[in-house]
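Have a look at the structure below before the remarks.
Below, chains carry the letters A, B, ... as their sequence lines are ordered, and counting in each starts from 1.
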2 protein chains.
Amino acid sequence: MREVAALARVSIKTVSRVVNGESGVSPHLARRVTAATERLAYRHNLTASSLRRSDGRSATIGVVLEDVSNPFSSALHRSIEDVAVRRGVLVLTGSSDEDEDRERKLVSAFASRRVDGLIIQPSSHDHSYLLTERRAGTAIVFVDRPAGFFDADTVLTDNAPGVRRGIRHLVAHGHRRIAYLGDLHTIATAVERHRGYVQELAAQKIELDERLVRLDLHGIEKAEAAVTELLTARPRPTALFAGQNLITIGAFRAMRRLGLHQRIALVGFDDFLLADLLEPGITVMAQDPAAIGRTAAEMLFRRLDGDESPSEHHTVVTQMITRGSGEIRP
Amino acid sequence: MREVAALARVSIKTVSRVVNGESGVSPHLARRVTAATERLAYRHNLTASSLRRSDGRSATIGVVLEDVSNPFSSALHRSIEDVAVRRGVLVLTGSSDEDEDRERKLVSAFASRRVDGLIIQPSSHDHSYLLTERRAGTAIVFVDRPAGFFDADTVLTDNAPGVRRGIRHLVAHGHRRIAYLGDLHTIATAVERHRGYVQELAAQKIELDERLVRLDLHGIEKAEAAVTELLTARPRPTALFAGQNLITIGAFRAMRRLGLHQRIALVGFDDFLLADLLEPGITVMAQDPAAIGRTAAEMLFRRLDGDESPSEHHTVVTQMITRGSGEIRP
DNA sequence: TTGTCTTTTGACAACGTTGTCAGCCTTCGT
DNA sequence: ACGAAGGCTGACAACGTTGTCAAAAGACAA
């Protein structure tokens with residue numbers, strides 16, 4: 001900047017004014033300055049700028065996801081990015097892999113880079129460690145899962161109600177022996193979904209049979225193994241409810257291998273690409289990750305714009321998509 | 001930092017030394033300083049630090065992807081992140097959406113935040129604009145597609161050879177009327193893959209029939225429409241080669257709708273989740289995005305560590321995965 | 001012309017760090 | 001007891017920018 005000022009024969013403050021598009025610089029000088037910036041290939045240093053700036057904003061936010069390459073998380077990521085670019089804000093990302101420690105490390109790495117805000121898909125259950133960041137002025141929004149011991153804006157899916165509607169759908173098609181396949185009990189949404197299953201069975205006056213409940217199934221392989229076991233044992237369920245994406249796929253894989261995919265009903269939580277092209281198509285309770293991400297990002301920026309109203313808790317509702325697998329009768 | 005120094009009754013330089021884990025601070029003072037940092041919830045400011053530091057490193061890299069939510073790109077992203085975290089480096093990401101202008105804007109936004117390096121999945125064809133960044137010391141690596149008018153490290157898939165092996169596979173199964181479905185001709189990899197098709201037909205002494213070639217199919221819908229048309233016209237191909245992920249899916253969808261999915265062979269470029277669960281399973285030339293991302297990131301960090309040897313151009317080979325659709329005979 | 005007001009410009013300090021270097025305090029050898 | 005060597009510590013400037021404020025320049029009325 002000093003060099004640009006020298007070449008344009010103005011003070012460095014005037015260069016700063018031109019670079020930031022401030023008014024009150026004569027067109028004459030402004031032209032000379034822009035010419036100089038171009039000639040010297042001047043690149044504005046935003047880190048120095050944000051250091052000096054009164055609001056200290058870095059025009060960067062941090063996003064902690066479970067895994068940036070997982071379709072649900074990356075859809076969140078994309079919709080957050082879309083809101084951010086419109087405001088000239090860049091996105092720092094990191095994957096926590098369901099690890100509390102990695103989540104905290106990522107947040108701390110983001111904090112030392114002075115992000116303006118954080119969007120977190122939580123892996124940990126105690127977020128009181130974020131108090132420091134909040135006091136320092138960082139806006140914080142949680143997505144997909146609730147915060148623990150920390151009051152902040154949250155955007156969630158209607159987990160339990162979504163599962164209940166799915167179970168009700170199976171019951172309406174004549175099922176009473178409905179198995180439930182759930183993810184790790186450390187994941188808050190998994191607990192919620194399981195709760196929905198238990199509640200709806202009670203509401204339907206169907207006795208809960210623990211032999212039909214398999215939890216802590218993380219990933220395709222575990223689900224496939226569990227379902228294989230479930231379907232070879234007696235008494236056999238006539239329908240399956242899969243509490244997560246990969247579990248649905250694992251379940252279908254097992255059913256296919258056993259040749260039962262046209263005979264046993266399946267409803268999965270969360271939609272996935274190609275669910276419509278399998279035979280039968282898979283009936284799912286579809287989440288709307290794009291809406292969740294957008295809502296969270298908009299909330300974050302509202303906070304950055306100074307909104308200090310009490311924390312809001314949004315719920316994005318799931319939508320049932322019937323494709324065949326959930327309409328098989330016992 | 002000043003406050004911490006005051007509380008610990010040391011100079012701010014000593015605090016700096018403790019925070020950076022430099023040697024040569026007596027354990028006595030070090031303890032007092034750490035106690036003070038904790039009591040005041042001190043958060044180190046990496047932006048100020050990198051401003052003052054002699055190497056000016058920000059411990060942040062920028063990654064420009066086609067779309068962070070696309071499975072191929074997000075797999076790249078994840079493997080880059082994995083290499084980066086090991087070195088305490090964070091990742092800024094952005095989606096260019098095949099738009100040259102957005103690519104340039106993202107790079108410029110990254111540059112003004114003084115990223116140490118850039119990994120770019122190019123949308124544009126002229127990268128001479130990156131000369132400024134390189135001169136400023138930014139390391140640059142291209143992934144998935146080659147750079148234009150710019151000499152830099154590159155990590156690519158063996159596009160043309162991969163397609164040729166796929167076509168050869170179809171020919172070996174008795175096909176001679178093989179249609180080709182390609183992506184936008186503005187995408188470098190799409191051009192390469194199409195070239196592979198043309199070359200292999202020539203090598204196999206099969207006359208190229210332009211009626212069997214459909215290009216510029218971007219996305220599932222366009223591919224589906226094109227394939228529907230292709231399969232209802234005469235003469236009909238006995239096999240399809242799909243030059244990209246979504247095109248494969250679109251093609252399969254069309255075949256399913258026409259009831260031809262068990263009769264016409266299909267080989268796709270790039271693997272996708274559930275390809276094995278369709279009926280028939282889809283034979284693909286699988287890319288290895290994780291290996292591509294890892295190689296690119298390792299290369300980038302080698303450059304950041306001072307490696308100044310001539311640009312390297314790596315090729316990660318595709319692997320054929322036979323699942324049934326590519327083994328259908330005419 | 002002079003005085004007043006407005007617009008444009010620049011000097012300087014400051015943001016939160018770290019590099020440099022000088023000075024202090026120990027330790028140790030003689 | 002003295003000097004040299006080495007380990008710790010702190011004062012100060014600097015990184016590249018912007019906020020503050022005052023000075024300079026121009027516009028206009030009397």
Side-chain angles (χ1 to χ4, degrees), chain A residues 1-34 36-37 40-60 108-109 111-116 132-133 136-138, chain B residues 1-34 36-37 40-60 108-109 111-116 132-133 136-138:
Chain A
M1 199 166 213
R2 218 173 21 234
E3 289 177 36
V4 172
L7 181 62
R9 280 165 296 131
V10 297
S11 77
I12 111 177
K13 175 71 225 202
T14 300
V15 178
S16 165
R17 276 193 265 256
V18 173
V19 166
N20 289 288
E22 287 174 35
S23 65
V25 179
S26 68
H28 177 61
L29 283 194
R31 251 197 317 280
R32 242 165 51 200
V33 170
T34 24
T37 53
L40 297 177
Y42 167 76
R43 300 148 72 243
H44 188 211
N45 188 330
L46 213 72
T47 61
S49 162
S50 88
L51 182 62
R52 187 59 183 85
R53 269 209 150 74
S54 46
D55 60 7
R57 290 284 169 80
S58 59
T60 307
S108 142
S112 60
R113 282 163 184 82
R114 293 298 184 271
V115 294
D116 303 332
T132 319
E133 314 308 333
T138 313
Chain B
M1 199 168 214
R2 218 173 20 237
E3 288 177 36
V4 172
L7 180 61
R9 281 165 296 129
V10 296
S11 79
I12 111 177
K13 175 69 225 203
T14 300
V15 177
S16 165
R17 276 192 265 258
V18 173
V19 166
N20 288 290
E22 285 174 37
S23 64
V25 178
S26 67
H28 177 60
L29 283 195
R31 253 198 316 279
R32 240 163 54 198
V33 170
T34 23
T37 54
L40 296 177
Y42 167 76
R43 301 148 71 243
H44 188 211
N45 189 330
L46 212 73
T47 62
S49 162
S50 88
L51 183 61
R52 187 57 181 87
R53 269 207 151 75
S54 44
D55 60 7
R57 290 284 168 82
S58 59
T60 306
S108 141
S112 63
R113 284 163 183 81
R114 293 297 185 269
V115 294
D116 302 332
T132 319
E133 314 309 333
T138 313

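- Each of A:R53 and B:L51 lies near DNA chain D, and the nucleotide nearest B:L51 is the one positioned closer to the 5' end.
- The span of DNA chain C lying next to chain A, judged by atoms under 4.0 Å from heavy atoms, is bounded 5' to 3' by C:dT8 to C:dG16.
- Residue B:T14 places at least one side-chain N or O closer than 4.0 Å to OP1 or OP2 of D:dG10.
- The side-chain heavy atoms of A:R43 and B:T138, taken from C-beta on, include a pair separated by under 4.5 Å.
- Of the inter-residue distances, the one linking B:H44 atom NE2 with B:N20 atom CG reads 5.0 Å to the nearest 0.5 angstrom.
- Although no hydrogens or angles enter the test, the distance criterion places a donor-acceptor pair under 3.5 Å between the side chain of B:R113 and the main chain of A:A59.
- Side-chain atoms of A:R17 never come within 3.5 Å of backbone atoms of A:E22 as a donor-acceptor pair (strictly under, hydrogens ignored).
- In this view, A:R53 satisfies the salt bridge (charged side-chain N to carboxylate O under 4.0 Å, His left out) rule with no residue, not counting sequence neighbours.
- For the side chain to side chain contact (heavy atoms under 4.5 Å, CB included) with B:V10, the qualifying choice from B:V25, B:V18, B:V15 is B:V15, the only one to do so.
- If you check every strand for non-hydrogen atoms under 4.0 Å, B:R43 touches sugar and phosphate atoms only.
- If A:K13 and B:M1 are placed on DNA chain C by their nearest nucleotide, the residue sitting closer to the 5' end is A:K13.
- Contact check of residues 19-29 of chain B against DNA chain D (heavy atom, cut-off under 4.0 Å) returns B:G24, B:V25, B:S26, B:L29.
- Taken to the nearest 0.5 Å, the CG atom of B:D116 stands 11.0 Å off from the CZ atom of B:R114.
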Worksheet entry | Residues B:N45, A:L51; criterion side chain to side chain contact (heavy atoms under 4.5 Å, CB included); working and verdict | CA-CA 9 Å; B:N45 189 330; A:L51 182 62; 4.3 Å; yes
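- Nucleic acid contact class of B:S16 (heavy atoms, under 4.0 Å, all strands): base.
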